[in-house]
Structure formats: structure tokens, C-alpha cells
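Below is one structure, written out as C-alpha cells; the observations come after it.
Computation of the quantities below employed the complete heavy-atom set of this structure, encompassing side-chain atoms and omitting hydrogens, waters and symmetry-equivalent molecules. The chain is numbered in sequence order, starting from 1.
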Amino acid sequence: MKLNFGIPFQESLNEAQLKAVCFEEGPLLVIAGAGSGKTQTLTCRVARLVNEGILPDSILLLTFTRKAAQEMLQRAAHLLDNRCEKVSGGTFHSFANAVLRKYAERIGFDSGFSILDRPDAEALIGILRKETASVSRYRSFPQKHTLLNIFSKSVNKSSSIEDVVFYDYPHLASYLEVIAEVYKKYKKHKEDHHFMDYDDLLVHLCHLLKNDVGIRDRISSQYQYIMVDEYQDTNRIQADLVKLLSEKNKNIMVVGDDSQSIYSFRGANFKNIMNFPEVFPGTRIIRLEENYRSVQPILTLTNAMIEQAGEKYTKTLFTRKKGGSKPALIQAGSENSQSRFVVEKIKELNRQGVPLCQMAVLFRAGFHSFDLEMELGRDQIPFIKMGGFKFMESAHIKDVLAHLKVLVNPYDRISWYRVLLLIDNIGPKTAQNIYETILKEKARHQGIFSEKFRSSNKKGIDRLRDLFLKIDSKPLAVAEAGEAVVRYYSPILKEKYDDHPKRTRDLEQLITIMERYNNIETFLTDMALEPPSISMDDTFSEDVSNGSRLVLSTVHSAKGLEWHSVFIIWTLDGRFPSMQALHRVEDLEEERRLLYVAATRARENLFFIYPMQAYDRGTGILLNRPSRFLDRISEDMLKKDAIDINLF
């Protein structure tokens, strides 16, 4: 089949892609497996529709980033002509904004309503928080950014504030009544002052289309063809919008992969893609199964992994690429031997000609890479980190290290200030006076025990004194000293940070690293001289493309990317899947999909690594089995090996 704009489709598309591009009328669900060319499929369909005389402004392309929409329309224009750039394309939020500007008065807003970005929304919540009298009853009421997260999850998950708090923030349940009070004030203030935050754009558009039949008919009639990318990432409101917008013509095409639905924490609803054929009767399903990324041994493994999923669209990925080695599951003796294996393998691959930027180490959570970052620093291997946070830049890690530093050097001014300012009623001036007394008395920690300073906060000063006396009274192993500091710091952590359960897990990981050291001085020296070199938060920088840096990334931040060789660390049951996911079937299934996403990032080499034994401090359980998602896979598909504990 050849179309009249110079593109021989039978040469540029495979059979399944061609069927999707040439699909005519009605609802279409395209299940696009990893690396199967979904962007090319959407691009060519836009070009085909325009080429056949469909008016560009009657085609709507909805994506999750403006960049994705622009890229598709530019590629379609390159295939055809600049008419494709006139297609209505953009994000759900930008589309909602454009419609609401036109019909704002129908929902009680002025057409010049203001949009609150996240900092603006947090600032408003901060003001309302202070003005809410009942907040003052609590010393550690949730901070404004946490409140916004709760409010946003409530909207995106179509859940009540109560459900969000009890499921996602159970440690804040005692504040529920007041959180709900602040939320009501936040909603009323926005309505009274014609403000909308990002979530409101979708909520108000949905409200408009549901309640104003005339406008719904007008808009749904305008768009003859609607296409949606990454449908597995839509939330309930977005799914409702898709149904409302396509009501008149019913020419709705959604593209996505149920096996890559991993954003429930942002409100994405896995059921949207699974229930699409029920919501749109007569749906045609086309599966894109030819993979253009990975060698067949990797696809054979990932097919087996996802086949175990409880609910799925069955598909079998294949490739025409030849060769490729079998993925490997490596059992390491310890976390550090895991790190050393990864470092040595990276050096070996690099010597064989694989650039550092074409290798990635992926992990379930940001703190899983701490030990590896230190080993990479020792071997002077430059890296960039996506997702999570840089170990030495996290405030709670720095707080704990500051206490250890003043034990080693009682004249460390910066560390003393950090330690003292954590105590209630001690400000910068008092901290300075205490430090000057320490210098004057020339005695280990004696300045802080001076009677004139104890009056400012006797309880806080006494607690700190008891901590130092305990550590000084008898020789303690480095990890034991660390545990003592963490126990002291725990009440401060809970008062200072709303996400203290997550930060507590970070501190547990810090203690695990300490267990490798025989004295505090060596530990602190390593932490100072070999910190992680660079970190990024959920972004990807183009400067890694020069081949000079290895990529470290959380799996969530790696979605949509690919590398020649991929290492997935901590594939230990209780870490991947996480211990928290074991209590609900839905969470466990998402963990399976998360590992699938990680594995399908690899083109040529794929390694799963786990330490043979790891102690989970939260549950008191010794973790010693590989991920349950890999444990049952036969050695025909997955090479299983153990490295010498003493080798690294």
C-alpha cells in the first residue's frame, strides 16, 4: 500500500503498525509493547488523516508532555507538509486551559482566571495553614508541600481526603480533621479569587462537559478524530474526558501498554486501559509486538516475567535482531560485593568499547544506590543520577553525620551549629555562644553542658548530653554509634519532616554502610572525599550523550529511555518488590510491571544483581531470596550465577 505523499508505508511500518495507521472509523486500542514504535505509528496516522483531507483542526492529539506532541506533529509535517503542525496537539492540561478560557463563565469563573503553579499553590496553602486556628494545637502539623500532595492525590485518584491520608499518609491520620478543614478553605479561596491549580483545570473541564450538553456537543462534534498517547498513565478524570470528548464521532484511538503502567502514586489508573473495550463497545484491539530495541534473549525473559501478571493484554514481543546473550541473575555476598561487581563489569564493558553513557544502573528507590555511588567514586567513574537525591545533599543524612563529626572533632563549628539548631529554642545566637564556650573551655563537648545554656532548653540539652555520654562511655562499633545517633534524632526527624517514614529508611541504609567500617574517622573521611559526583531529580540531561558519564536512575525516571547494557540492583525480595507492596495485590502487580519496565530498557546486556543477605530493620526480617518475579524463571531464559563473596 502506497499513499500519495512519498511514504511507502509497507517499507516504513510493519503489518500491525500499518493496520493501526490505516484504521478508519470507531474506537481503537493499540497495545504498544516496549520499543515497538508507537510514536512512529501515531505520527504516520496523523499524516495519513491530513493527507486524506481531514481538516487539521478537527484532529486532536493528547499527550503527557508538550514536547511529545510537538515532536509527533513536526515528524508528521516532515512526512507530509506543514498542515500537520496545525493539528490540535498538546497535553490534557493545555487543552483544558484553552477550552476553559472560552467557557469559564459557564462554571462561575472569569475568563481571566489565574493558574496557580506548584510554588503558588504551596504559598497559598501556607497562608491558609497559618490562618487556621486549629492548626496551632499541633506542634508538627503537616507542611504546605505535604498538604498539596494530599490534595492533589485526592483529585487525581478521585478519592476522598480521608482515603488518601489513611492509605498514603497513615502517620498523619491524627491530623485528618484539620487537614480536611484546610482543604475546604483552599478550595473556597480559589473559587472566590478565580484561581485554578493544575488539577482544577481537568476537574472544571470535566464538570463543564458533563453538565452543559450544548458545549459538550459542540466540542465533541469539532473533533472528528481523537488520539491519546500513553493511555496507561491516565487518571480517572482524564479517562472521563476522553469519553466525553469522543461522544459525538466516537473515532477515538488510544495507544499504551498495560505492562508499563507504573505511576499509580501520581494517580494513574491501571483500569483505564484494561476497561477501554467495555467503555467503548466495538473497540478494535491491535497489538504492536515487534520490538526494535532489544535482542531476543532479553525479550524472551521479559515476556516470561509479564506473563505471570494477574491481569494483562497478552502479547509476545519479538525482534528481527540477531544474536544476543542471555540475561543474568547474579547473587552477591553483600551490598558492597554487589556494588563491586557492577563497577568491575562496567569497567570491563567500557574497555570493550561500550561508552559509559550507554550503560545504566537502575534501582527501585533512590537510596538503593548509595553504596554503589561511593564505589564509583573510589574508581573515579563519573556518573549522573536521575531520580532520588544525592546522598550527601539530603538534609537528614547531613544532620546525623553532623553529630558524628563533633564526636570526632569537637571544634567543628559548622557541624556544631547544625546539631544545636535542631534543638528547640536554640537559635543562631545561642548556638554561637555555646560554640565559643566549647572553644574557651578546651574540653570535649563541655560547653554545651554549661548551666547557663541548659536553661534555654533543659530537656533538649540533656538529651544531647546523654547521647554523647553514651557513645563516650564505652567503645562502640561505627554502626552502633550511628544507631545511637539515629535513635536520638528520630523524634526530631518526625517533627521536622512529614515524609519521615521514607527518610527513616534512608537512615537505615546509612547504618548499613557504616557496618563496613572499623572507625568513625575513616567513615567520615570516605564520605567527605568520595561523595557522589552529580545528581539530578527526575530529569534527563543531554550532556550525558558525550559518553563521559554512567547513568544511575530510579526505574520511574528511566521509563522511555534505553541503553546498551542495563544493571538492575537490589533485585531482592523485600526490596524489589518492596516490603510495603506485599500487602496489596494491586501494589504487588505494579511492582512486577516496574521490574518489567526496568528490564525492557536494555538493548544488548541485562544483569539483575542482589545481595545474598540483607537485614530489614523495619520488620526484623533477614532478606535472602531473589525477587519473586525472577525466582521461578528457568535457567533456559535466565543465567543464574553467584560471585565469590571475597572476590570483591
Side-chain angles (χ1 to χ4, degrees), residues 64-66 91-94 96-98 100-101 104 107-157 159-162 164-165 168-169 171-172 174-205 207 235 237 265-267 387 389 393-396 398-399 421-422 424 427-428 492-500 502-503 536-539:
F64 275 83
T65 66
R66 183 175 63 177
T91 65
F92 279 91
H93 292 86
S94 65
N97 177 57
L100 291 174
R101 293 291 177 192
I107 56 170
F109 277 77
D110 187 275
S111 60
F113 63 83
S114 297
I115 297 176
L116 298 171
D117 60 17
R118 185 170 181 94
D120 290 338
E122 284 189 4
L124 174 57
I125 290 171
I127 292 170
L128 297 174
R129 182 182 180 277
K130 289 181 180 178
E131 292 177 352
T132 303
S134 47
V135 169
S136 62
R137 299 201 306 262
Y138 302 100
R139 291 185 58 194
S140 54
F141 190 76
Q143 300 299 314
K144 58 187 179 182
H145 63 275
T146 303
L147 292 172
L148 180 57
N149 287 341
I150 293 171
F151 301 164
S152 184
K153 280 192 175 187
S154 172
V155 172
N156 286 300
K157 290 188 172 185
S159 299
S160 66
I161 294 292
E162 181 179 27
V164 171
V165 169
D168 294 309
Y169 301 86
H171 56 290
L172 301 180
S174 60
Y175 309 121
L176 177 59
E177 185 177 337
V178 186
I179 290 173
E181 182 183 352
V182 176
Y183 181 54
K184 288 179 182 177
K185 288 187 175 183
Y186 178 58
K187 286 183 66 176
K188 187 174 188 307
H189 189 97
K190 288 185 294 180
E191 292 167 2
D192 291 346
H193 295 83
H194 299 277
F195 288 141
M196 290 190 200
D197 60 25
Y198 289 144
D199 298 325
D200 292 328
L201 292 170
L202 301 183
V203 170
H204 289 307
L205 176 59
H207 177 79
N235 60 32
I237 300 173
F265 68 95
R266 294 180 184 171
F389 46 81
E393 289 183 353
S394 50
H396 52 301
K398 293 169 77 173
D399 287 345
L421 290 174
L422 292 172
D424 286 346
I492 300 171
L493 181 77
K494 290 178 180 178
E495 183 171 337
K496 193 175 180 183
Y497 300 105
D498 295 325
D499 61 346
H500 58 80
K502 175 181 179 298
R503 293 177 187 258
M536 297 179 67
D537 184 13
D538 293 319
T539 59

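- Judged purely by atom type and a 3.5 angstrom limit, Tyr175 uses its side chain to pair as donor or acceptor with the backbone of Ser140.
- Between His204 and Met196, some side-chain heavy-atom pair lies under the 4.5 Å cut-off.
- Taking the side chain as every heavy atom from C-beta outward, Leu172 and Thr146 approach each other to under 4.5 Å.
- The closest side-chain heavy-atom distance from Ile127 to Glu131 is below 4.5 Å.
- In terms of modelled atom types and a separation under 3.5 Å, the side chain of His171 and the main chain of Asp498 share a donor-acceptor contact.
- Salt bridge Asp200/Lys187: absent, no basic N to carboxylate O contact under 4.0 Å.
- Considering every non-hydrogen atom in both Phe265 and Lys153, the closest pair reads O-CE, 3.2 Å.
- In terms of heavy atoms, Ser154 sits closest to Ser160 at OG-C, 3.8 Å.
- Contact between Leu100 and Leu201 at its shortest, heavy atoms only, is CD1-O, 3.4 Å.
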Report task. Would you sort out whether Lys157 and Asp168 count as a side chain to side chain contact (heavy atoms under 4.5 Å, CB included), showing the intermediate values? Result -> CA-CA 12 Å; Lys157 290 188 172 185; Asp168 294 309; 3.4 Å; yes
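- Checking Ser152 against Tyr198 by side-chain atom types alone, no donor-acceptor pair falls below 3.5 Å.
- When atom types are taken as modelled, the side chain of Thr132 and the backbone of Val182 share no donor-acceptor pair closer than 3.5 angstrom.
- The shortest non-hydrogen separation linking Leu421 to Gly427 is CD2-C, 3.4 Å.
- With rounding to the nearest 0.5 Å, the separation of CD in Glu162 from CG in Leu176 is 5.5 Å.
- Taking the six-membered ring for Trp and thresholds of 30 and 60 degrees, His193 and His189 have nearly parallel ring planes, at less than 30 degrees apart.
- Taking the ring pair (Phe, Tyr, Trp, His ring centres under 6.0 Å) definition, one finds that Phe64 meets it with Phe92, sequence neighbours left out.
- Val178 has its side chain within reach of Arg137: a pair of non-hydrogen atoms, C-beta onward, lies under 4.5 Å apart.
- Side-chain atoms of Asp197 never come within 3.5 Å of backbone atoms of Ala121 as a donor-acceptor pair (strictly under, hydrogens ignored).
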Requested in this report: Mind running side chain to side chain contact (heavy atoms under 4.5 Å, CB included) on Lys130 and Val135 for me, showing each step along the way?
Outcome: CA-CA 7 Å; Lys130 289 181 180 178; Val135 169; over 6 Å; no
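- The distance from the CG atom of Leu205 to the NE2 atom of His93 is 10.5 Å, given to the nearest 0.5 Å.
- Counting only heavy atoms from C-beta outward, the side chains of Tyr169 and Ile179 never approach each other to under 4.5 Å.
- Rounding to the nearest 0.5 Å gives a distance of 7.0 Å between CD1 of Ile237 and CG of Asp199.
- For the atom pair NZ of Lys184 and CD1 of Ile161, the computed distance is 10.5 Å after rounding to the nearest 0.5 Å.
- Nearest heavy-atom pair, Asn235 versus Asn156, reported as atom, atom and distance to 0.1 Å: ND2-OD1, 2.9 Å.
- Counted within 6.0 Å of CZ on Arg66, heavy atoms from surrounding residues, nucleotides or ligands total 12 or fewer; the atom is thus considered open.
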Requested in this report: Could you check Leu148 against Tyr186 for side chain to side chain contact (heavy atoms under 4.5 Å, CB included), going step by step and ending with a plain yes or no?
Outcome: CA-CA 10 Å; Leu148 180 57; Tyr186 178 58; 4.2 Å; yes
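- Expressed to the nearest 0.5 Å, how far CG of Leu147 lies from CD of Gln143 amounts to 8.0 Å.
- Rounding to the nearest 0.5 Å gives a distance of 13.5 Å between NZ of Lys185 and CD1 of Ile125.
- A donor-acceptor contact shorter than 3.5 Å is absent between the side chain of Arg129 and the backbone of Leu124.
- Among all heavy-atom pairs drawn from Arg503 and His396, the shortest one is NH1-ND1, 2.9 Å.
- Every side-chain contact (heavy atoms from CB on, under 4.5 Å) that Lys494 has, sequence neighbours left out, goes to Ser490, His500.
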